[in-house]
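Everything quoted here is computed from the prediction, not taken from an experiment. Chain naming here is simple, since letters A, B, ... match the order of the sequence lines and numbering starts at 1 in each. What's counted below: heavy atoms across the whole structure, side chains too, no hydrogens, waters or symmetry copies.
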There are 2 protein chains.
Amino acid sequence: MALKNLEVACDYFLNDPDSIFSPLSEEEKKDLFANHICTVYKKGEIIFKEGDKPTGLICLANGKVKIFKEGVGGREQIVRMASPLGFIGYRALFAGQNYSGSALALEDSIVCILEKEALFNILKNNAEITLALMKKMADELGISNTRTVSLTQKHIRGRLAESLLLLVDTYGLEEDGRTIRAYLSREDLANLSNMTTSNAIRTLSTFASENLISLEGRKISILDMKKLERVSDMG
Amino acid sequence: MALKNLEVACDYFLNDPDSIFSPLSEEEKKDLFANHICTVYKKGEIIFKEGDKPTGLICLANGKVKIFKEGVGGREQIVRMASPLGFIGYRALFAGQNYSGSALALEDSIVCILEKEALFNILKNNAEITLALMKKMADELGISNTRTVSLTQKHIRGRLAESLLLLVDTYGLEEDGRTIRAYLSREDLANLSNMTTSNAIRTLSTFASENLISLEGRKISILDMKKLERVSDMG
DNA sequence: TAAAAAAAATGTTTTATAACACATTATCCC
DNA sequence: GGGATAATGTGTTATAAAACATTTTTTTTA
């Protein structure tokens with residue numbers, strides 16, 4: 001992609017009225033803009049790795065990104081799915097730590113990195129934006145705690161159903177109003193749902209045979225949302 | 001406890017140099033002080049319940065508190081153990097949500113509640129403190145994500161060992177240098193470690209028979225910290 | 001201080017899900 | 001375009017941990 005398009009892609013984070021940075025003065029925005037980098041990551045590329053040091057606030061302008069941790073015996077657990085106009089890796093940045101998880105582009109993605117020092121210089125004088133970022137993190141902590149309970153207590157069917165609903169929530173549906181706008185491998189779906197790939201495949205098949213969903217390769221369409229929600233709630 | 005002692009107990013949060021509120025002006029501190037309440041909760045009493053609306057920032061001056069969520073079939077998962085000089089329920093406060101978990105005093109506890117509006121009026125003009133609170137939340141989110149992986153992937157022995165180490169970390173050791181300064185029921189220990197009470201009891205006994213720990217009612221002493229850490233890491 | 005209730009301990013059975021094995025089908029890339 | 005590699009699909013077995021059952025001990029309270 002041409003450099004110009006990259007810059008346009010990052011425009012939102014500084015100039016859109018919905019962006020949390022909109023309260024900034026023109027001068028402050030210029031300052032942030034002068035200290036940012038836009039980058040393209042191809043499908044499958046690592047954006048950052050567990051242990052890396054954050055260099056700034058990463059904004060996802062375009063694409064899909066999974067944030068995951070390596071667990072027992074290298075087994076992967078997907079902690080979060082990031083969608084456009086969201087932030088990535090800001091937990092480590094604000095905790096003053098190295099990344100505690102890795103981020104990988106699930107499709108070609110554009111990110112915009114607001115350099116750390118310039119950002120903190122502005123946040124130091126701007127509690128409104130800091131509070132807005134804090135709200136995002138508070139939301140995420142709530143989700144994380146809820147997920148801990150779901151992933152530990154729900155049975156396989158409930159966990160997988162919950163993951164499908166999470167994907168709908170995060171990435172929405174295609175024009176047909178039923179196809180999940182995200183095309184994950186069975187393995188990623190398994191790592192999102194805390195189960196083996198075999199069990200993800202098997203349970204998807206079962207869901208399809210129950211007419212909860214339909215399958216066509218990686219394309220998953222939701223045929224009965226109500227029932228899927230019930231499976232997610234009840235197990 | 002006399003009201004005066006209660007006020008003294010809350011003194012730290014406003015006046016101790018280590019408190020995140022120490023950068024405030026005298027006037028701001030007075031304002032916060034004018035809008036705070038101190039309360040005593042007896043062992044076993046609920047401080048707040050899932051669904052309640054936060055009224056302010058709850059500071060734990062004294063005691064031990066568990067924060068937990070109800071899961072599948074009412075099964076409890078302890079999300080966090082709070083210790084003195086820490087904050088409770090601030091996630092919901094900053095997310096602008098009702099509480100997503102409940103808090104219960106595990107022993108007689110003193111809390112100090114800084115009233116919401118007064119607090120936000122001050123935070124609005126004070127990014128330094130807001131950033132300090134954000135750091136706390138970022139730390140907690142990191143812990144939560146790590147716990148999700150541990151609780152889902154580790155085996156029972158690993159999970160229980162991790163919980164014992166967490167208790168040491170949170171509440172420290174008694175004078176003897178090996179007894180955990182927290183006396184939980186087997187049930188709480190189980191709910192912290194995502195297992196049934198029976199299995200917590202059984203696994204504790206096994207640890208004792210392996211001379212990793214010694215047991216005397218609720219008193220748990222760590223005999224071999226290195227080995228316990230290895231069990232936590234390896235499963 | 002006795003009775004009741006709760007907590008702890010322990011043995012047995014059942015079950016959900018991981019682990020394994022292998023076949024089939026896509027997709028990558030030389 | 002075809003060989004290699006990765007992803008998907010399915011049946012079988014093994015096992016960790018829940019569920020269940022019962023006893024013993026401790027704590028509460030009447």
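- Heavy atoms of other residues, nucleotides or ligands lying less than 6.0 angstrom from NZ of B:K136 number 12 at most.
- For B:Y90, the side-chain hydrogen bond (donor to acceptor under 3.5 Å, both in side chains) criterion is met by B:E140, not counting sequence neighbours.
- A:Q77 contributes no side-chain N or O that, together with a main-chain N or O of A:E70, makes up a donor-acceptor pair within less than 3.5 Å.
- Where the helix from C:dT1-D:dA30 to C:dC30-D:dG1 starts and where it ends, the local axes point in directions that differ by 50°; five pairs per end, rounded to 10°.
- Listed by chain and residue number, A:A190, A:M195 satisfy the side-chain contact (heavy atoms from CB on, under 4.5 Å) test with A:A200 (two or more places apart in sequence, or in another chain).
- Under the ring-ring contact (aromatic ring centres under 6.0 Å, His included) criterion, B:F94 pairs with B:F120, sequence neighbours left out.
- Counting heavy atoms from C-beta outward, B:L60 and B:N62 have side chains that stay 4.5 Å or more apart.
- Note: CZ (A:R218) to C1' (D:dA6) measures 10 Å, nearest angstrom.
- Here CG of A:L192 is found 7.0 Å from CG of A:L184. Values are rounded to the nearest 0.5 Å.
- Taking atom CD1 of residue B:I201 and atom C1' of nucleotide D:dA18, one finds them 14 Å apart after rounding to whole Å.
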### Query
How does each nucleotide of nucleotides 20-30 of chain D score, in 5' to 3' order, for protein heavy atoms under 4.0 Å: base (B), sugar-phosphate only (S), or none (-)?
B----------

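- Contacts between residues 63-78 of chain A and DNA chain D, defined by a heavy-atom separation below 4.0 Å, involve no residue at all.
- Side chain of B:S102 to main chain of B:E50: a donor-acceptor pair is present (N/O by atom type, distance under 3.5 Å, no hydrogens or angles).
- In this structure, A:H155 places its NE2 atom 14 Å from P of D:dA17, rounding to the nearest Å.
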Show me the donor-acceptor pairs, under 3.5 Å and distance only, between side chains in residues 51-58 of chain B and residues at least two apart or in other chains.
unit_1: B:D52; atom_1: OD2; unit_2: B:K49; atom_2: N; d: 2.9

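- Using a 4.0 Å cutoff to heavy atoms of chain A, the contacted part of DNA chain C runs 5' to 3' from C:dA16 to C:dC20.
- D:dA19 atom C1' lies 10 Å from atom CG of B:N199, rounded to whole Å.
- Counting non-hydrogen atoms of other residues, nucleotides and ligands closer than 6.0 Å to NZ of B:K227 gives a total of 12 or fewer.
- Among residues two or more places apart in sequence or in another chain, the side-chain hydrogen bond (donor to acceptor under 3.5 Å, both in side chains) test is passed with A:E187 by none.
- In terms of modelled atom types and a separation under 3.5 Å, the side chain of A:R159 and the main chain of A:S150 share no donor-acceptor contact.
- Ion pairing between B:E162 and B:K154 holds under the 4.0 Å rule for side-chain N and carboxylate O.
- In this entry the distance linking CG of A:L204 with C1' of D:dG9 reads 11 Å, nearest Å.
- Of the residues in residues 181-189 of chain A, those placing a heavy atom less than 4.0 Å from an atom of DNA chain D are A:S185, A:R186, A:E187, in numerical order.
- Looking at residues two or more places apart in sequence or on another chain, you find a side-chain contact (heavy atoms from CB on, under 4.5 Å) between A:T179 and A:E174, A:D176, A:Y183, A:K219, A:S221.
- B:Y99 is linked by a ring-ring contact (aromatic ring centres under 6.0 Å, His included) to B:F48, counting only residues two or more places apart in sequence or in another chain.
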